[in-house]
Peer 1: 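Here it is, the structure in full.
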Amino acid sequence: MGDTTRGGNNEAPEGGTPTRVGGDLFAGEISERHRAILEAAAGLFAERGYAATSVRDIGEKVGLLGGSLYHYIKSKEALFIKIHDTALQVAEDRIRAAIEREGNPWARLEAACVTMLGIQLDPQSITMPLMNDFLAVPRHVQESLIAKRDAFERIFVALVADLPLAAGIDRSVYRLLLLTLLNNVGLWYRPGRLSPEDIGRQIVRIFRHEVETGARAERG
């Protein structure tokens, strides 16, 4: 998440379109019809991508065409922003809930990384397909998405600020390297020997080991 802009695997899990990460994303919507439209659009955006999904496709999915659909949505762009921001907010809420249970700065970082990878590597999650569609949307839509991603990244700004890092380590570079790694695990991860949670713990252990090694070298 954060500054992810690369393309990814937008395939649906076997048997249907991707389902919603973190439970029902749209439980608070004002009507069942509006909720159904958001769910249908989320599945289509995740499966096909923004460019290959039309308003007509979404309308056919829920049995609404023409003006009837526009009664519920302003535009495809606004719909994508709404779904993107909702999915990212659910992810942010889950990460914040996980880190609030921890007191140690390293334990908090580990909880954030483990939770983030659990979301990203869930084969039924719509979050990463939406994140990875960044370059496919118009520039004005990108600007709106960036605002939400920057807000999400502030979680890691605070987490890294609290770490007892060795002198000379630039915390901005540290954070960007960590997020880049987390955002790209999906490019190589395959279910098997290690779970997403195991990978998250390993990443923090590696980052912490390098810091501790550097600190010992400076003292020596």
Side-chain angles (χ1 to χ4, degrees), residues 1-11 13 18 21-22 84 87-135 145-146 148-220:
M1 300 176 199
D3 60 354
T4 299
T5 58
R6 296 186 181 183
N9 182 359
N10 286 351
E11 293 181 0
V21 64
H84 169 279
L88 201 53
Q89 186 63 54
V90 168
E92 179 179 337
D93 291 345
R94 285 182 56 183
I95 292 172
R96 290 193 182 278
I99 64 180
E100 284 175 1
R101 295 191 288 267
E102 305 292 345
N104 179 277
W106 289 110
R108 288 167 63 82
L109 183 67
E110 180 178 287
C113 293
V114 166
T115 304
M116 184 168 169
L117 286 185
I119 294 168
Q120 290 185 335
L121 300 180
D122 180 348
Q124 296 185 3
S125 170
I126 67 168
T127 305
M128 284 311 296
L130 293 178
M131 296 294 103
N132 291 336
D133 222 14
F134 182 82
L135 294 180
L145 303 186
I146 287 170
K148 184 61 179 175
R149 294 177 187 211
D150 286 348
F152 175 88
E153 191 171 329
R154 284 197 284 272
I155 300 174
F156 286 86
V157 171
L159 288 170
V160 172
D162 289 339
L163 295 177
L165 299 182
I169 292 181
D170 186 293
R171 292 176 188 268
S172 294
V173 173
Y174 182 97
R175 182 186 75 253
L176 290 171
L177 289 174
L178 176 61
L179 285 172
T180 299
L181 178 57
L182 291 170
N183 284 327
N184 286 283
V185 169
L187 297 178
W188 54 263
Y189 175 76
R190 297 294 181 271
R193 184 172 61 88
L194 297 177
S195 69
E197 292 77 12
D198 294 331
I199 297 294
R201 294 187 184 98
Q202 282 292 314
I203 288 172
V204 174
R205 185 175 182 182
I206 291 167
F207 268 66
R208 184 173 183 178
H209 172 75
E210 292 298 327
V211 169
E212 292 175 342
T213 301
R216 287 196 297 269
E218 288 183 5
R219 290 196 300 269

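Note that these values count all heavy atoms, side chains included, but never hydrogens, waters or copies made by symmetry. The structure displayed is predicted, hence computed values, not measured ones.
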Peer 1: For Pro196 and Tyr189, which heavy atoms make the closest approach, and how far apart are they?
Peer 2: CD-OH, 3.3 Å
Peer 1: To the nearest 0.5 angstrom, please state how far the CG atom of Leu121 sits from the OG1 atom of Thr127.
Peer 2: 11.5 Å
Peer 1: Hey, is the main chain of Val157 close enough, under 3.5 Å, to the side chain of Arg175 for a donor-acceptor pair?
Peer 2: no
Peer 1: Before giving the answer on side chain to side chain contact (heavy atoms under 4.5 Å, CB included), spell out for Ile99 and Glu102 the whole-Å C-alpha distance, their side-chain angles and the decisive distance to 0.1 Å.
Peer 2: CA-CA 5 Å; Ile99 64 180; Glu102 305 292 345; 5.7 Å; no
Peer 1: Report all side-chain donor-acceptor pairs from residues 163-171 shorter than 3.5 Å, counting only partners two or more places apart or in another chain.
Peer 2:
unit_1	atom_1	unit_2	atom_2	d
Asp170	OD1	Ser172	N	2.9
Asp170	OD1	Val173	N	3.0
Arg171	NH1	Val160	O	2.7
Arg171	NH1	Leu163	O	2.8
Arg171	NH2	Leu163	O	3.1

Peer 1: Pair Glu92, Glu153 - check side chain to side chain contact (heavy atoms under 4.5 Å, CB included), show working.
Peer 2: CA-CA 9 Å; Glu92 179 179 337; Glu153 191 171 329; over 6 Å; no
Peer 1: Pair Leu88, Leu145 - check side chain to side chain contact (heavy atoms under 4.5 Å, CB included), show working.
Peer 2: CA-CA 10 Å; Leu88 201 53; Leu145 303 186; over 6 Å; no
Peer 1: Can you name the side chain to side chain contact (heavy atoms under 4.5 Å, CB included) partners of Val114, sequence neighbours left out?
Peer 2: Glu110, Glu197, Arg201
Peer 1: Any donor-acceptor pair under 3.5 Å linking the side chain of Asp133 with the backbone of Pro129?
Peer 2: no
Peer 1: Taking C-beta and beyond as the side chain, do Arg108 and Arg101 meet within less than 4.5 Å on heavy atoms?
Peer 2: no
Peer 1: Would you compute the distance between atom OG1 of Thr115 and atom CZ of Arg96 and round it to the nearest 0.5 angstrom?
Peer 2: 12.5 Å
Peer 1: Using a 3.5 Å distance criterion without hydrogens, assess whether the side chain of Asn184 forms a donor-acceptor pair with backbone atoms of Leu187.
Peer 2: no
Peer 1: Please confirm whether the backbone N or O of Met131 pairs with a side-chain atom of Arg149, one donor and one acceptor, at under 3.5 Å?
Peer 2: yes
Peer 1: Start with the C-alpha distance between Trp106 and Arg205, add both sets of side-chain angles, then the distance that settles side chain to side chain contact (heavy atoms under 4.5 Å, CB included), and finish with yes or no.
Peer 2: CA-CA 9 Å; Trp106 289 110; Arg205 185 175 182 182; over 6 Å; no
Peer 1: About how many Å separate CE of Met116 and CZ of Phe156, when rounded to the nearest 0.5 Å?
Peer 2: 5.0 Å
Peer 1: Rounded at 0.5 Å granularity, tell me how far CG in Leu159 sits from CG in Leu109.
Peer 2: 6.0 Å
Peer 1: Report yes or no: does Asp93 contribute a side-chain atom to a donor-acceptor pair with the main-chain N or O of Val90 at less than 3.5 Å?
Peer 2: no
Peer 1: Going from SG on Cys113 to CG on Leu178, what distance comes out if it is rounded to the nearest 0.5 angstrom?
Peer 2: 4.5 Å
Peer 1: Just by distance, do the side chain of Asp122 and the backbone of Gly118 share a donor-acceptor pair under 3.5 Å?
Peer 2: no
Peer 1: Can you measure from CG (Leu179) to CD1 (Ile155) and round to the nearest 0.5 angstrom?
Peer 2: 10.0 Å
